[in-house]
Amino acid sequence: MSNVRADKQIAHERRRAGEVALSDFADYVEKQTRLRKPGGDTTHTDEHDELSILETLGLSDDTQPSVGMRDLLLGPQEENGPKLKELIASRIAEGRGETLFDVGLDNTTEEPMGFTKEEYELAMESVKAAVLELKASITVLITHNLGLDGEEPSDDKGASSMLLIRKQPESLEDLLEIRVAVVGNVDAGKSTMLGVLTKNTLDDGRGRTRVNLFRHKHEIESGRTSSVGMEILGYDSESNIIGSNDPGRKLKWEEIGNRSAKVISFTDLAGHERYLRTTVFGLLGTSPDYVMLMVAANNGLIGMSREHLGIALALNVPVLVVVTKIDICPPQILEQTMTQITKILKSPGARKIPIFIKSKTDVVNTAKQFVSERICPVFQVSNVTGQGLDYIRTFLNILPFHGKFDSKSSFEFHVNDCFSVPFVGTVVSGVVKSGVIHAGDPIQLGPDSLGNFIQTTVRSIERKRIAVPVCSAGQSASFALKKVRRREVRKGMVVLPRSEVPPKAHMRFVAEVLILSHATTIKPKYQAMLHVGPVSQTCRIIDIDRDLMRTGDRAIVAFEFCQRPEFLCVGDKLLFREGRTKGLGIVKSLDYDSTVPLVKEA
């Protein structure tokens with residue numbers, strides 16, 4: 001009996017050590033990824049990121065003190081109007097077309113400025129005048145001490161509010177897009193949730209709203225997603241959802257894109273274990289800004305939900321949890337599910353702070369602070385009764401853009417999907433990783449099975465099915481290619497600007513990896529499915545800096561692709577799996593030389 005207890009204790013300690021190692025290694029990978037571009041400096045980048053976060057939250061030291069802000073809001077309009085306009089314009093530019101702005105709160109300490117109701121109204125007039133000149137719109141998110149929304153004013157002073165200021169983009173190239181990957185176990189209600197959000201109608205409890213999201217006949221018959229589905233939700237400059245006046249009718253993407261100031265692009269991923277490869281490809285290939293983890297209230301965090309959460313944590317993508325089906329779940333089971341979610345999010349592997357959303361104030365404050373990867377909001381919704389859906393709509397409306405993309409470096413585009421369109425030709429879709437591309441630019445596409453690149457030209461560019469002349473880093477787009485056959489293109493290829501020296505594809509590379517879970521030991525000649533961005537291919541281990549690897553080990557490993565060479569960069573994140581996820585890592589160097597084996601650890 002004592003031996004069994006000892007074995008259980010050892011297993012528990014190993015699992016806990018593995019969780020801590022995952023969290024630490026994910027942070028390490030995130031820092032190393034910033035070295036991806038030549039001349040990258042992690043220290044400088046970290047400082048810059050911290051500063052940008054402080055500025056976004058209005059907490060940086062160089063913002064004007066409360067006295068200055070108070071004078072700016074209440075002082076003479078002729079003198080202070082241009083300064084206030086300049087301040088708001090700079091914050092809108094930082095937020096890519098939108099910003100959160102506090103009226104009546106100190107920017108540094110977030111303490112009330114002590115506005116009376118009359119002073120608050122005067123300050124609001126100043127803000128409205130500045131916003132009107134910028135051709136933007138204001139949405140009042142929450143108010144304090146104003147006697148609105150049923151609240152009682154507590155005293156004469158301390159009136160304040162939080163505003164969302166959003167500018168209508170001048171052209172579709174400036175449209176703010178935020179990508180959200182939707183994951184969770186099978187039957188958690190992922191497709192139904194997206195159908196309810198995008199069609200602005202409730203479900204009937206039998207999956208009526210999810211039918212339009214399916215791409216294949218067998219998905220409609222089984223009710224289970226097996227491919228990467230795409231759906232968009234548009235908001236205008238006044239925070240209204242772009243939808244049809246007829247309930248149940250879904251607008252075309254072109255209509256939504258043309259009328260929106262902000263678009264949420266959902267990637268609907270498969271929940272069944274059989275389609276894990278497709279789900280991992282969707283998570284890595286689409287470069288999501290956020291991950292929405294769906295949990296059925298009557299089932300809890302089971303099966304593939306944990307796997308998806310682990311992958312999101314490994315990729316360091318902020319996670320929000322949505323608990324669905326609360327209308328059919330008994331109260332005691334719902335309580336058990338919430339306790340389980342709290343326990344898993346607070347575990348050493350996740351190190352998240354769960355925040356349960358119960359009011360609009362919770363929604364606004366959490367969305368404002370969501371740039372911190374430690375915060376994890378938890379929503380409770382019903383797609384049949386509509387309970388909690390408004391909180392999610394408001395949260396998505398406020399959700400800030402936090403992507404780290406470089407428009408000034410060389411152009412690079414990863415192909416996630418390819419198809420042949422009648423009268424257009426071969427079309428590739430994906431995400432622009434860096435740089436800017438114009439319609440008509442000469443490019444090269446590859447690598448093929450021999451590692452060569454095809455020379456071609458971008459015929460036209462589309463974003464959200466609307467033609468645009470240019471596309472920049474961080475945006476998802478589709479390119480029509482000249483004189484390229486469909487069979488010459490595959491997922492995982494890259495599009496690069498044409499150059500005299502052709503880029504090089506690699507069969508071998510060296511990576512630093514962490515083994516998350518494996519029943520036995522891992523040695524050279526071990527084979528697994530490797531995922532690097534949109535690349536999915538079987539690879540084998542040809543060298544390790546030690547004799548063998550077990551669960552929780554961290555090692556330098558040389559990999560070799562089994563089928564064809566791929567285009568990789570130092571600093572790329574990778575996952576490898578054999579069924580479930582076995583490990584994660586980061587590319588350290590390219591073109592491993594077998595004559596110079598890795599140095600074994602002492």
For Arg486, all residues meeting salt bridge (charged side-chain N to carboxylate O under 4.0 Å, His left out), sequence neighbours excluded: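 Arg486 satisfies salt bridge (charged side-chain N to carboxylate O under 4.0 Å, His left out) with no residue once adjacent residues are dropped.
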
The criterion is salt bridge (charged side-chain N to carboxylate O under 4.0 Å, His left out); which residues satisfy it with Arg393, sequence neighbours excluded?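 In terms of salt bridge (charged side-chain N to carboxylate O under 4.0 Å, His left out), with neighbours along the sequence ignored, Arg393 is linked to Asp390.
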
Look at the rings of His518 and Tyr526 and say which category their plane angle falls in: under 30° parallel, 30 to 60° tilted, over 60° perpendicular.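 Aromatic pair His518/Tyr526 classed perpendicular.
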
If you measure from [atom1] on [X] to [atom2] on [Y], what distance do you get to the nearest 0.5 Å?
X	Y	atom1	atom2	value
Gln475	Ser287	CD	OG	13.0 Å
Ile264	Ile178	CD1	CD1	4.5 Å
Asn365	Ile355	CG	CD1	9.0 Å
Leu320	Leu399	CG	CG	7.5 Å

State yes or no: are the ring centers of Phe379 and Phe356 separated by less than 6.0 Å? no

State whether the side chain of [X] and the backbone N or O of [Y] hold a donor-acceptor pair below 3.5 Å, judged by distance alone.
X	Y	value
Asp327	Ser382	no
His308	Gly184	yes
Thr279	Ala270	yes
Glu462	Phe479	no
Ser434	Ala473	no
Asp289	Arg179	yes
Thr99	Gly95	no
Asp362	Lys358	yes

Can you see which heavy atom on [X] is nearest to which on [Y], and at what distance?
X	Y	result
Val183	Lys190	C-CD, 3.4 Å
His414	Pro534	ND1-CD, 3.3 Å
Ile241	Tyr235	CG1-CE2, 3.5 Å
Ala312	Val319	CB-CG2, 3.9 Å
Leu514	Gly552	CD1-O, 3.7 Å
Ser265	Lys464	OG-NZ, 2.8 Å

Is [X] salt-bridged to [Y], going by a charged N under 4.0 Å from an acidic O?
X	Y	result
Arg465	Glu254	no
Glu177	Arg463	yes
Arg96	Glu98	no

Residue pairs, two or more places apart or on separate chains, that pass salt bridge (charged side-chain N to carboxylate O under 4.0 Å, His left out) and touch residues 233-242: none

Whether the [X] and [Y] side chains hold a donor-acceptor pair (N or O, under 3.5 Å, no angle test) is what I'd like checked.
X	Y	value
Ser478	Ser429	no
Ser191	Asp268	yes
Arg166	Asn397	yes

Does NZ or CZ of Lys433 fall inside the cone over Phe413's six-membered ring, less than 6.0 Å from its centre and within 45° of the axis? no

Are there more than 12 heavy atoms of other residues, nucleotides or ligands under 6.0 Å from atom CD of Glu335?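 Check fails, neighbour count at 12 or below.
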
Does Arg550 have more than 12 heavy atoms from other residues, nucleotides or ligands lying within 6.0 Å of its CZ?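 No.
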
Could you check Asn185 against Ser305 for side-chain hydrogen bond (donor to acceptor under 3.5 Å, both in side chains), going step by step and ending with a plain yes or no? CA-CA 5 Å; Asn185 197 46; Ser305 298; 4.8 Å; no

Got Thr366 and Ile357 here, is their nearest side-chain heavy-atom distance under 4.5 Å?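 The answer is yes; the side chains approach within 4.5 Å.
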
